[in-house]
Amino acid sequence: MKNELENYRMMVLIRRFEETIERLFSQGDVKGTTHPSTGQEAVPVGVCAALGPGDMITSNHRGHGHFLARGGDPGRMMAEFFGKATGYSGGRGGSQLMADYGIGFLGGNGITGGNIPTAVGAAFSAKYLKRDRVAVCFFGDGAANQGTCHEAMNLAAVWCLPVVFVCENNQYAMSTPVAAAAGVPDLAVRAAGYGFPGEVVDGNDVEAVTAAVGLARERALSGRGPTLLECKTYRLSGHSRGDPRRYRSRGEEAAARKVCPIVRYKAVLTARGLLDEPADADLVRDVEEQVAQAVAFAKNSPYPDVADLERGVFA
């Protein structure tokens with residue numbers, strides 16, 4: 001029961017965190033841009049529920065949910081958005097460039113597909129050093145068509161590396177529907193061309209994601225190499241801040257909201273007798289307070305010292 005409710009709470013936290021970020025950006029409280037993962041919460045929560053403490057993650061430009069699910073601090077994340085010194089990158093990286101090696105989160109990446117070779121490198125290090133751990137790589141359907149993706153998967157297969165490739169197929173690469181950019185209905189079938197298993201997973205079912213990742217992790221740790229999991233979900237938000245989403249209808253979005261991961265898992269837990277409306281209201285209220293505290297922490301944190309302007313700059 002504890003794990004089920006914790007997973008539900010984490011999905012609600014990711015949703016409220018992303019909605020708050022979108023609001024702060026739209027109000028001008030936070031500068032730049034951001035890529036929310038609203039609607040995709042079951043994938044990061046389901047993946048991280050199956051991982052061990054030593055496992056590693058590489059994330060992409062839409063990685064807030066990945067970081068939170070792995071144990072990232074909402075306050076430090078929020079401070080990074082505000083450009084504050086208490087942020088994960090000292091206020092220098094912003095939305096896409098945060099990391100915490102202590103929890104195995106190797107960072108986000110602003111280059112589409114740029115984190116996939118990094119995951120393969122992390123998996124190689126685990127195998128070379130004979131460490132009982134796996135690397136997990138989150139990427140979208142758009143990145144699945146990048147050359148780096150194919151090269152990395154091929155090398156992972158050749159070297160039989162302990163890596164799990166998690167494709168979050170949220171149906172759109174910016175404004176391009178996946179069917180207009182891929183010649184196959186299921187991207188998971190591409191794994192056969194590299195010589196390792198590929199599986200389509202219901203990316204709106206947190207327990208299905210956990211089960212699939214658990215099997216893929218076991219395979220990797222037993223020395224049988226990579227797995228590709230295509231988690232089919234839906235991005236409820238725009239591609240990034242200011243995206244008017246003219247490439248799809250509001251009716252399509254409304255239909256997706258009715259079967260989003262949070263709605264579905266709430267119904268599951270209610271049917272199991274683990275959740276009711278008063279308990280859910282208390283949980284949501286607690287999460288909203290946690291997010292509000294994160295915003296307050298960020299606003300009250302200091303800006304970086306100009307004397308440290310060049311610290312951490314390598315080029």
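Side chains included, hydrogens not; waters and symmetry mates left out as well; all remaining heavy atoms used.
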A.B. asks: Is there a donor-acceptor pair under 3.5 Å between the side chain of N115 and the backbone N or O of G108?
C.D. replies: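 A pair under 3.5 Å: no.
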A.B. asks: Same cluster or not: V295 versus F297, using hydrophobic residues (I, L, V, M, F, W, Y) connected whenever any side-chain heavy atoms lie under 4.5 Å apart?
C.D. replies: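 V295 and F297: separate clusters.
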A.B. asks: Please enumerate all residues that pass salt bridge (Lys or Arg N to Asp or Glu O under 4.0 Å) together with R217, with sequence neighbours excluded.
C.D. replies: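 R217 satisfies salt bridge (Lys or Arg N to Asp or Glu O under 4.0 Å) with D55 only.
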A.B. asks: Report whether L269 and V259 are members of the same hydrophobic cluster (ILVMFWY, side-chain heavy atoms less than 4.5 Å apart, transitive linking).
C.D. replies: no
A.B. asks: Search all heavy atoms of G46 against all heavy atoms of T210 and return the closest pair with its distance.
C.D. replies: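 Closest approach of G46 to T210, heavy atoms only: O-OG1, 2.8 Å.
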A.B. asks: Are the side chains of Q171 and D141 in contact, using a 4.5 Å heavy-atom criterion?
C.D. replies: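 Sidechains of Q171 and D141: no contact.
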A.B. asks: Can a donor-acceptor pair be found between the side chains of Y265 and N204 at a distance below 3.5 Å?
C.D. replies: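 No, no side-chain donor-acceptor pair sits under 3.5 Å.
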A.B. asks: Begin with the C-alpha distance, continue with both residues' side-chain angles, and end with the deciding distance and a verdict on side chain to side chain contact (heavy atoms under 4.5 Å, CB included) for R190 and E230.
C.D. replies: CA-CA 10 Å; R190 294 178 176 176; E230 179 189 0; over 6 Å; no
A.B. asks: Cut-off 3.5 Å, side chains only: do E168 and N170 have a donor facing an acceptor?
C.D. replies: no
A.B. asks: Do Y234 and M11 sit in one hydrophobic cluster, given that two such residues count as connected whenever their side-chain heavy atoms are within less than 4.5 Å of each other, even indirectly?
C.D. replies: no
A.B. asks: Find out whether the Lys NZ or Arg CZ of K84 is both under 6.0 angstrom from the six-membered ring centre of Y303 and within 45° of the ring's axis.
C.D. replies: yes
A.B. asks: Would you say E218 has more than 12 foreign heavy atoms packed within less than 6.0 Å of its CD?
C.D. replies: no
A.B. asks: Can you tell me how far CD of Q293 sits from CG of N300, rounded to the nearest 0.5 angstrom?
C.D. replies: 12.0 Å
A.B. asks: For the CZ atom of R241 and the CG atom of L24, what is their distance to the nearest 0.5 Å?
C.D. replies: 11.5 Å
A.B. asks: If only atom types and distance count, is the side chain of R245 paired as donor or acceptor with the main-chain N or O of R250 below 3.5 Å?
C.D. replies: no
A.B. asks: Quick check: do R133 and P53 have side-chain heavy atoms less than 4.5 Å from each other?
C.D. replies: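 Not in contact.
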A.B. asks: Check whether T58 reaches the backbone of L106 with its side chain - one donor and one acceptor, N or O, closer than 3.5 Å.
C.D. replies: no
A.B. asks: Examine distances only and state if a side-chain atom of R235 and a backbone atom of S237 form a donor-acceptor pair shorter than 3.5 Å.
C.D. replies: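 Yes.
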A.B. asks: Check whether any side-chain heavy atom of I21 sits under 4.5 Å from a side-chain heavy atom of V30, and report yes or no.
C.D. replies: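 Answer no - side chains too far apart.
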A.B. asks: Should we count CD of E289 as having more than 12 external heavy atoms under 6.0 Å?
C.D. replies: yes
A.B. asks: Transitively linked via ILVMFWY side-chain contacts under 4.5 Å: L13 with V263?
C.D. replies: no
A.B. asks: Tell me if the CZ atom of R246 is crowded by more than 12 foreign heavy atoms within 6.0 Å.
C.D. replies: no
A.B. asks: With salt bridge (charged side-chain N to carboxylate O under 4.0 Å, His left out) as the criterion, how do R272 and E207 come out once you've worked through the C-alpha distance, each side chain's angles and the decisive distance to 0.1 Å?
C.D. replies: CA-CA 14 Å; R272 292 176 183 171; E207 294 182 355; 2.7 Å; yes
A.B. asks: Is there a path from V200 to V178 through hydrophobic residues (I, L, V, M, F, W, Y) whose side chains come within less than 4.5 Å of each other?
C.D. replies: no
A.B. asks: Find the distance between CE (M78) and OG1 (T86) and round it off to the nearest 0.5 Å.
C.D. replies: 11.5 Å
A.B. asks: Of all heavy-atom pairs between C231 and V43, which one has the smallest distance, and what is that distance?
C.D. replies: CB-CG2, 3.9 Å
A.B. asks: Any chance you could measure R257, atom CZ, to T38, atom OG1, to the nearest 0.5 Å?
C.D. replies: 7.5 Å
A.B. asks: Give a yes or no on whether the backbone of G39 and the side-chain of E41 come within a donor-acceptor separation of less than 3.5 Å.
C.D. replies: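 It does hold such a pair.
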A.B. asks: Checking the side chain of E80 only, and the main-chain atoms of G90 only, is there a donor and an acceptor separated by less than 3.5 Å?
C.D. replies: yes
A.B. asks: Taking all heavy atoms of A126 and all of M56, pick out the closest pair and write down the distance.
C.D. replies: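 Closest pair (atom of A126, atom of M56, distance): CB-CE, 4.3 Å.
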A.B. asks: If you take all heavy atoms of L187 and A182, which pair is closest and at what distance?
C.D. replies: CD2-CB, 3.7 Å
A.B. asks: Using 30° and 60° as the class boundaries, would you call the ring planes of Y247 and Y172 parallel, tilted or perpendicular?
C.D. replies: tilted
A.B. asks: Are F81 and H64 an aromatic pair by the rule of ring centers under 6.0 Å?
C.D. replies: yes
A.B. asks: Using the rule given for side chain to side chain contact (heavy atoms under 4.5 Å, CB included), can you reason through D202 versus K232, listing the C-alpha separation, both sets of side-chain angles and the distance that settles it, and then say yes or no?
C.D. replies: CA-CA 6 Å; D202 183 349; K232 294 197 176 185; over 6 Å; no
A.B. asks: Could you check L236, V287, T20 and say which one makes a side-chain contact (heavy atoms from CB on, under 4.5 Å) with R15?
C.D. replies: L236
A.B. asks: Using salt bridge (charged side-chain N to carboxylate O under 4.0 Å, His left out), reason through R248 and E253 one step at a time and then give a plain yes or no.
C.D. replies: CA-CA 8 Å; R248 66 190 191 196; E253 294 178 354; 2.8 Å; yes
A.B. asks: What distance do L275 atom CG and E4 atom CD have between them, rounded to the nearest 0.5 Å?
C.D. replies: 10.5 Å
A.B. asks: Please answer whether the main-chain N or O of G28 pairs with a side-chain N or O of K31 as donor and acceptor at a distance below 3.5 Å.
C.D. replies: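 Side chain of K31 to backbone of G28, a donor-acceptor pair under 3.5 Å: yes, one is there.
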A.B. asks: Verify whether one side chain among E18 and S37 offers a donor that lies under 3.5 Å from an acceptor in the other.
C.D. replies: yes
A.B. asks: Nearest heavy-atom pair of V201 and A212: which atoms, and what distance?
C.D. replies: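 Minimum heavy-atom contact is CG2-CB, 3.8 Å.
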A.B. asks: If only atom types and distance count, is the side chain of D305 paired as donor or acceptor with the main-chain N or O of D308 below 3.5 Å?
C.D. replies: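 Side chain of D305 to backbone of D308: no pair is present.
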A.B. asks: Without swapping roles, check the side chain of D186 against the backbone of A188 for a donor-acceptor pair under 3.5 Å.
C.D. replies: no
A.B. asks: If you group Ile, Leu, Val, Met, Phe, Trp and Tyr whenever their side-chain heavy atoms sit less than 4.5 Å apart, what else falls in with V163?
C.D. replies: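 Joined to V163, directly or through intermediates: I116, V120, F124, Y128, L129, F139, M153, L155, V158, W159, L161, F165, Y194, F196, L228.
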A.B. asks: Evaluate E19 against E288 for side chain to side chain contact (heavy atoms under 4.5 Å, CB included), listing each step before the verdict.
C.D. replies: CA-CA 11 Å; E19 290 173 342; E288 290 176 344; over 6 Å; no
A.B. asks: Is any side-chain heavy atom of V164 less than 4.5 Å from a side-chain heavy atom of P226?
C.D. replies: no
A.B. asks: Is there a side-chain contact between I14 and P44, using heavy atoms and a 4.5 Å cut-off?
C.D. replies: yes
A.B. asks: Is R76 close enough and on-axis enough to Y88, meaning under 6.0 Å and within 45°, for cation-pi?
C.D. replies: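 So R76 does make the cation-pi contact.
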A.B. asks: Mind checking whether D280 and T270 have side chains closer than 4.5 Å, heavy atoms only?
C.D. replies: no
A.B. asks: Kindly indicate, with the supporting measurements, whether the criterion side chain to side chain contact (heavy atoms under 4.5 Å, CB included) is fulfilled by F67 and I57.
C.D. replies: CA-CA 9 Å; F67 204 175; I57 287 175; over 6 Å; no
A.B. asks: Please confirm whether the backbone N or O of L97 pairs with a side-chain atom of S89, one donor and one acceptor, at under 3.5 Å?
C.D. replies: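 Yes, because the side chain of S89 sits within donor-acceptor range (under 3.5 Å) of the backbone of L97.
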A.B. asks: Check the side chains of H239 and R62 for a donor-acceptor pair under 3.5 angstrom, ignoring hydrogens and angles.
C.D. replies: yes
A.B. asks: A side-chain contact here means heavy atoms from C-beta on lying under 4.5 Å apart; do N109 and N60 qualify?
C.D. replies: no
A.B. asks: How long is the gap from CG on D100 to CZ on R70, to the nearest 0.5 Å?
C.D. replies: 10.0 Å
A.B. asks: So which heavy atom on E310 is nearest to which on R92, and how close?
C.D. replies: N-NH1, 4.5 Å
